[in-house]
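Atoms considered below: every heavy atom in the structure, side chains included; atoms not considered: hydrogens, waters and symmetry mates. Reminder, nothing fancy here: chain letters follow the sequence lines and each chain counts from 1.
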Amino acid sequence: MRIGYFCTFTPKELIHSAGFLPFRIFATRKPISLASAYIQSYACSQVRGALEVALSDEFHGFVFTRSCDTLMRLTDILEFLGKRVYNIEFPTKIGNVDYYVYELRDFCKTLESWGGEISFERVIESLALYRELEEKLKKLFEVRADYEIAIKVQQIDVSGAIKLVEKKIEEAKKEEKPKILVTGSVCPYPEIYEIFTKAGFAIKDDLCTGRRFFEFNYPNFEPHDLDSALRFLAEKYFSKAPCPTKHYPNDYRFDYLLRLAEDCEAVVFLLVKFCEPHFFDFPQLREKLEEMGKKVALIELEFPVASTEQIRTRVEALKEVIG
Amino acid sequence: MKRLKVAEKMRNLMAGYYMLGHQAKVRAWVTSGAPVEILYAMDVYPVYPENHGALIGAAKLGSYYSDFSEKRGFSRDLCSYARCDIGCVFAGTSPVGGLPKPSFLFACNNICNTVVKWYEILSRIFKVPLFVLDVPFVRKELKESHLRYVEDQLIDFIKFVEKLIGMQMDDSKLREVAMKSIEAVKLYGECLRMSKNRPSPMTCFDAFINMAPIVCLRGTDYAVSFYKEMKEELEDRVKNRIYAVENEKFRLLWDNIPVWYRLRWLSDFFASRNACLVADTYTNAWTGFGELRSSDLISSLAEVYTVSYLNIGLERMVEIINGLIEFYEVDGVVMHSNRSCKPYSFGQYEIQKKLSVPSVIIEADMVDERAFSEAQVATRLEAFLEML
């Protein structure tokens, strides 16, 4: 049974351990029609597109984590439409692990009420599987960024996903190309990434459909019971690659991004129109990146992407400037 | 539009409030739904960028100040309060000569997550510390763990301010401020409820115009005496049969933040069609802050500020709106689908279906007049009133 989720902060390990398939919902290529009756046109197209999928496909339930205001309301909208939903109150301010452990405990109870089974052994097993997947994805991306795989693994069972990535690692060859940092929220269209590689760039990313799905720092302890497994999970997600929907001490996300950009020739902000958290960060980040001598470009996306031509022109122009 | 006499007093009061800001020793920029009582108890002067945004909108200068932000790369799709306020910082001025620079920033996300991003930007510009009060969203029941999370942060916040100002908070002072806050909110609620009279002595436009003191001066004597006076004027109006709309035929409810640059136009539009907007969900949101208990104040502050109107699920919002419809004997609801306020606007289509009276949605923006199409709004509202 598929449980739909939207945000990379979702503890998919728990959904998996309870016996469900955590299935990340992205905007599809289908034009948005059903969703327009339930949410305004100034909601981002990722949310409108995801709502379209949620309304037309089969799901056992939907899990949200507090991230942006639009997703927060989408939870309610889906519930009003008769769907089974749950919202995990992931803190906006990163810091209080104890609080989040409580939230995860409540989430376990919800999964049980949805027909799932929660046990320490199974949680540990899922933790290990997802860690293996994440580490392998990291390894693959060190050689070659493969977004088709990064997107696919979020919609299939984790064991199959690991095998798929292993195969890709064997095939992957490193290419020496100038690096470009692509930062933003989601882009479920593999052909858009190809525009960058075809223009002669090697992509390094800071995206929900890339690194933010698999880059974690793992806590330094072995869980010995369910509660400590939840603590492990909380700490793991607190130290995930940062997202602009969260508030970090000492402006951590800015530092993180500037560090990521260090060995890149250029930075592209690949932003979904109406995505407030990213658009708020953009001007000040651009300023700092330009101070570092980086070329910066902003590409605004709306799903479904009608034509990639305009994006191609922008990326090629950027490549020319860099030489 | 028959303005209330107190509106003049309100203008002077707010002018004084803005002036005082420049003399204050310690200033915090604070969001509209933050527990300001703590600041007043520690003699920290609160500056309200959102009120400032509303003021810019009412002065019809939204696009002018937004332009200063847009030139720096801030998207026109971002919240217009934020765009204008940040724009004023870049412009170095505003209709009130710019806001006095902050000593620190205090953002509470019980109204939206936008404020967190907005205040992060301010924190980088002014190079001052930012305290984020992170309030979990209450979709259903308020959970004990959520309350404890907020309580812990309130204690952290008090320590944060104490360290900055080098002085301890006096508990009795906090109690005193909270009592004033409760009193002001009570009087304010009584003012709003005067609209229960048929015909009503005031419209929601009066409520909008006169809401600044409950936002900015909650916890001070100023707010208490202002709403006392407003209440007296409304009682006089009722006694002397002075009605906001002469031939009140329809009674309506407004949902969402006002269209600040079109208050007069909207007010005239409805009045000329014998329609009176007797109440609104926006100003009503502040009446919830009156539930403070003076015993166990921190816990009570945590609770009151967690279940604020924009921090609750749609189901609960529907209950509140239907409650207002019943109380004010409303015939229809006018919903402002506000491009700038996602948490207030998304879900309106669903809410509409569950209301006990007919409703209409108009598309606009609270401050940015470029998002307003007069012909479109007029046609929609005409059709709605005809239907009623």
Part of A:F279 lying under 4.5 Å from any heavy atom of chain B: both
Name the option with the most non-hydrogen atom pairs under 4.5 Å to chain B; the candidates are A:D106, A:L74, A:L271, A:L298. A:D106
Proximity breakdown for A:F254 and chain B, heavy-atom pairs closer than 4.5 Å: side chain
Is it the backbone or the side chain of B:I312 that comes under 4.5 Å from a heavy atom of chain A, or both, or neither? backbone
Select one option (side chain, backbone, both, neither) describing which atoms of B:R339 are under 4.5 Å from chain A's heavy atoms. both
Could you look at A:E276 and say if it's the side chain, the backbone, both or neither that has a heavy atom under 4.5 Å from chain B? both
If the condition is side-chain contact (heavy atoms from CB on, under 4.5 Å), which residues does B:R370 pass it with, not counting sequence neighbours? B:S63, B:S66, B:E70, B:R76, B:R83, B:D368
Is it the side chain or the backbone of B:N338 that comes within 4.5 Å of chain A heavy atoms, both, or neither? backbone
Chain A contact via B:V116 - which portion, at a heavy-atom distance below 4.5 Å: side chain
Where does the angle between the aromatic ring planes of A:Y99 and B:H146 fall among parallel (under 30°), tilted (30 to 60°) and perpendicular (over 60°)? tilted
Please classify the contact between B:V318 and chain A as side chain, backbone, both or neither, with a heavy-atom cut-off of under 4.5 Å. side chain
May I ask you to decide if the ring planes of B:Y64 and B:F68 are parallel, tilted or perpendicular, using 30° and 60° as cut-offs? perpendicular
At a 4.5 Å cut-off on heavy atoms, which part of A:E79 comes close to chain B: side chain, backbone, both, or neither? side chain
Which label fits B:Y344 and B:Y282: parallel for a plane angle under 30°, tilted from 30 to 60°, or perpendicular past 60°? tilted
Counting only heavy atoms closer than 4.5 Å, note whether B:S69 contacts chain A via side chain, backbone, both or neither. neither
Parallel, tilted or perpendicular: which one describes the rings of B:F74 and B:F90, with boundaries at 30° and 60°? tilted
Structural part of B:A82 lying under 4.5 Å from a heavy atom of chain A: side chain
State which residues pass side-chain contact (heavy atoms from CB on, under 4.5 Å) with B:S337; sequence neighbours excluded, sorted by chain then number. A:Q40, A:Y42, B:Q348, B:I361, B:E363
